[in-house]
Q: 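Structure below; questions to follow.
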Amino acid sequence: MISKAELRPGAGVRYLFHGVMVGDGHRPAGMALLAAQDEAGVPPGVWKGRGLAALGLAAGDVVTERQAELLLGEGRHPDADRIERELLAQGKSPEQARRATVLGRPIEHNRSPKTDKAKERTPWLAFDLVFRPPPTAHIAWALMDDEHRLVLELCDDIARDKTLAWLEESVAEIRSKAGGKQRAQVKDGLIVAVFRHYESRATESRPLLHAHAVVSIRARRPHDGKWGNLSADSLMTHIVAADTLYTLYFMEEVSARLGWTWEPREVTPGRRPVMDIAGIDRRLIGWQSTRRQQIEDALPIVTARYEEQQGHAPGERAAYALACQAADQTRPPKRTELLSLTELRKRWRDSAIRAYGADVVDRLAERARAAAAAVWARVRPVVDLALAAVDVVAVVYVMRGAFARHHLLAEARRHLSYVLRGRRHEPGLDERIVQAVVDDYTRPVGRGRRMTADLRALYPRDTEDQAVLRPLTRKRSASPYERARLAADALAARVRAARRAERLGSRPRPRTVAVPAASRSHPRPLRTGPKDGRLLEQETGVVTVEQTRRTLEAAAAQMAATLQDSRRAREAAYGPRPQPTPATAPPTHAQQQPGTPPAPGQTPGGVT
């Protein structure tokens, strides 16, 4: 998953240099950055992103302390010291030399008394995006051998880099004009400093493989190449879609390199499941996530206080806010004891063996491979575009009502994660699912780019908007996600029924049933899709055809049983009925010559 935080001058910069860059440990005053990283047992940070070329940096270069101070702490060129010396030697004033090293608007501008009210705020300097794999990946990384550990770290690197590339290619926008009202894609790309961490900040250390990707807010405009600020709301709006993309990429890399697969696990009843490595002992999840248990212990107290003050139980948003409050209240202080990764792994392994035995820990990889074989024996990793589209629109509609394209994109990637279980997906398949939803099952609502579900392509005779799903979505005893799954199952059944009707109508059958068209007081004309001009057909009468077929089959079976009973009763009373000789028997339909009319009481086939 991906969590976000903003870095601003003051406390944000101190948190960056004394926490993020040294593994969330404790950095004594005056200690050099590389020495603090070596003592904390974490690798030095590296630069990422396509925007580095404009600054003379390259991807993979080590992040020095001075570069981070200048770019991430002051919004200046990372080589500002050299540039200032050269300009001073040319006769420029100190103010001119310093201003030449500033990328975009100086951060002091927002603190100036001459600045208008809209700009009297603390400016942003960077975004801190924290990438964390699923919980079972932490367990496998911490307790397996070094070969598996290195492969999992590589999978995390690849998934993170691909997600950052998607953000800079498809999401990142730069502001321009007054108030930043105009947006455009960045000229080069993003500038990111990545710092890898190995453990949680809890007093009792637990494995937590994660990385802080500190994204600089500075970028170049496409039309003139000048430096400006990224649009914060564009990145924050797409953070959930980036989260699901990172998880999808990580699952694919792990399955491709280690042969493992994934299965859903329900963490909280009625909420979205998470994807875990199949075969990992679930008891180890509780051993690894001590912070979650601390939060769960404090949550009932916070919830009871809320209910006493408000007089009702918290809703979905209030419950999330209370969970964040419980997390803040139980946040432990940072540890002062610093250990290398080798020492940490030995300590984690000993702790897990004491808790659950050596057999559970030593056979993790073996059981993951066995579980993968069992999963692939019963799961077909095939994506059905039509079923994926109705699944996505049902879940997003029930959960949100009105939604935007990035909500559909996030849910489409969740659907791919569940269906493929780690198999590679075709590039652009998530966008194709979203486009199918937008074209066939949505309509615009309100102002802006919001839309809502429009299911008339599946239910042409629905006289009231979304009336078919209203009984499902109003089941208030169930959670929103449970109601969303009910709606998705209903739409999937509708698609399958339409496919069955299409196959029945196109396949020649020995006996056909003529069904009169259902009368309609106000027939709905054919509708043309507003997006691509495709013709959406009227309802095919699937329910009527199925009901008629079942009624005829039941009546035929009952008539055959009645005739059989009467024949047996007659034979018991009068003896068997004499059979006609072959010479006098009328020819069957199959024995008739061409052009010969059928015998009385017979038809050439079918049911009238």
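Numbering of residues begins at 1 and proceeds along the displayed sequence.
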Q: Do Met251 and Ser417 come within less than 4.5 Å of each other through their side chains, counting heavy atoms only?
A: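 Contact flag for Met251/Ser417 side chains = yes.
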
Q: When you check the gap from the basic side-chain N to the acidic O, do Arg272 and Glu411 get nearer than 4.0 Å?
A: yes

Q: Under 4.0 Å between a Lys/Arg side-chain N and an Asp/Glu carboxylate O for Glu266 and Arg485?
A: no

Q: Could you list the residues that satisfy side chain to side chain donor-acceptor pair (under 3.5 Å) with Glu153, not counting sequence neighbours?
A: Trp141, Arg149

Q: Counting only pairs under 3.5 Å, give me each side-chain donor-acceptor contact of residues 366-380, with atom names and distances, residues two or more places apart or in other chains.
A:
unit_1	atom_1	unit_2	atom_2	d
Glu366	OE1	Arg363	NE	3.4
Glu366	OE2	Arg363	NH2	3.3
Arg367	NH2	Asp359	OD2	2.8

Q: Donor-acceptor pair, distance only, cut-off 3.5 Å: does the side chain of His210 make one with the backbone of Leu208?
A: yes

Q: Angle between ring planes, His425 versus Tyr249, binned at 30° and 60°: parallel, tilted or perpendicular?
A: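 Taking Tyr249 first and then His425, their aromatic rings sit tilted (interplane angle of 30° to 60°).
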
Q: For the rings on Phe403 and Tyr397, is their centre-to-centre separation under 6.0 Å?
A: no

Q: Look at the side chain of His138 and the backbone N and O of Leu209, then say whether any donor-acceptor pair between them is shorter than 3.5 Å.
A: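 It does hold such a pair.
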
Q: Aromatic rings His148 and Trp260: how do their planes relate, parallel, tilted or perpendicular, breaks at 30° and 60°?
A: parallel

Q: For Glu252, is there an ion pair with Arg257 - N to carboxylate O distance below 4.0 angstrom?
A: no

Q: Looking only at atom types and distance, does a side-chain atom of Arg413 sit under 3.5 Å from a main-chain N or O of Ala241, one as donor and one as acceptor?
A: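 Yes, Arg413 side chain to Ala241 backbone: donor-acceptor pair under 3.5 Å.
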
Q: Inspect the contact between Asp161 and Lys48 and indicate whether a charged nitrogen and a carboxylate oxygen are less than 4.0 angstrom apart.
A: yes

Q: With a 4.0 Å cut-off, would you call Glu253 and Arg424 a salt bridge?
A: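 Result for this pair is yes, salt bridge flagged.
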
Q: Which residues pass the side chain to side chain contact (heavy atoms under 4.5 Å, CB included) test with Pro264, not counting sequence neighbours?
A: Pro273, Met275, Tyr418, Arg421

